[in-house]
Amino acid sequence: MKPQSVIILALAVIAVNATLGTDVSTAVSTSEWSCLKSNSRVFTIIRGYQSVGRVDPNVVQNIKNARAGGQADVDVYIFPCVNCGNPAGQAEALVSAIKGQNYGMIWIDVEVYQWSSSLTSNQAFITTMANTLRNLGQHVGIYTSYYNWQSIVGLSWSGVSWAPLWYAHYDNNPSFSDFQAFGGWKSPAMKQYNGSSTICGVGVDLDWY
Ligand SMILES: *[C@@H]1O[C@H](CO)[C@@H](O)[C@H](O)[C@H]1NC(C)=O
């Protein structure tokens, strides 16, 4: 093959593999999910636990609606209540609330919001939450960004690098080309590339893998 053909083929493979999705924190109807799918948004991550310290009252219906609306992959994220303490209890409450629902992974949201000023205390919180989810048989992932990780646990802390990374960088570019390594992760699993979009009338963040 000529070098040029190889490059064209490589680009075609990249284009075919690009998968677009959303993450949401509000109630979304079946027809809205179906509209998102028509707009090439085929997977989603739904908020399952709120920073005020309770299971998101919309999570179960959102999972059902997302599946009914044809979303191919449906994950859940937990926005922890750090002030509430008891990270194990929060993880258990979410898993118990969505037991039997058709979802994939649970992502722990590690972003600047009411964390302790002690990095070690934040590290312990995240470790306990991740281990609890894993011990409950869940597929755990971490949602964060380079700067959030730096400020909350320190860039070099790699205590949960066994879990896949979903990183945020709002460059509006569905690509991993901007990825800077941190936290022991060599490569990311997913990127949130836009944090303030509206599609089909639904407020969404835009994700890609
Ligand atoms: C995110 O997407 C919206 C439209 O969906 C756009 O207006 C906005 O500029 C994007 N944000 C960034 C940081 O590019």
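No experiment lies behind these values; they were computed from the predicted model shown. Order of appearance sets the numbers: ligands from 1, and atoms from 1 within every ligand.
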Check: Between Trp107 and Tyr143, does the ring centre distance come in under 6.0 Å?
Finding: no

- Query: Between Tyr167 and Phe182, is the ring centre distance below 6.0 Å?
  - Reply: no

For ligand 1, protein residues within the heavy-atom limit of under 4.0 Å are Tyr170, Asn172, Asn194, Ser196, Ser197

key: Geometric cation-pi criterion Arg67 and Trp33, 6.0 Å radius, 45° cone   = no

Residues at least two apart in sequence or cross-chain that pass ring-ring contact (aromatic ring centres under 6.0 Å, His included) with Tyr170, listed by chain then number, are none

For residues 87-97, the side chain to side chain donor-acceptor pair (under 3.5 Å) pairs (sequence neighbours left out) are none

Residues passing the salt bridge (Lys or Arg N to Asp or Glu O under 4.0 Å) test with Arg41, sequence neighbours excluded, are none

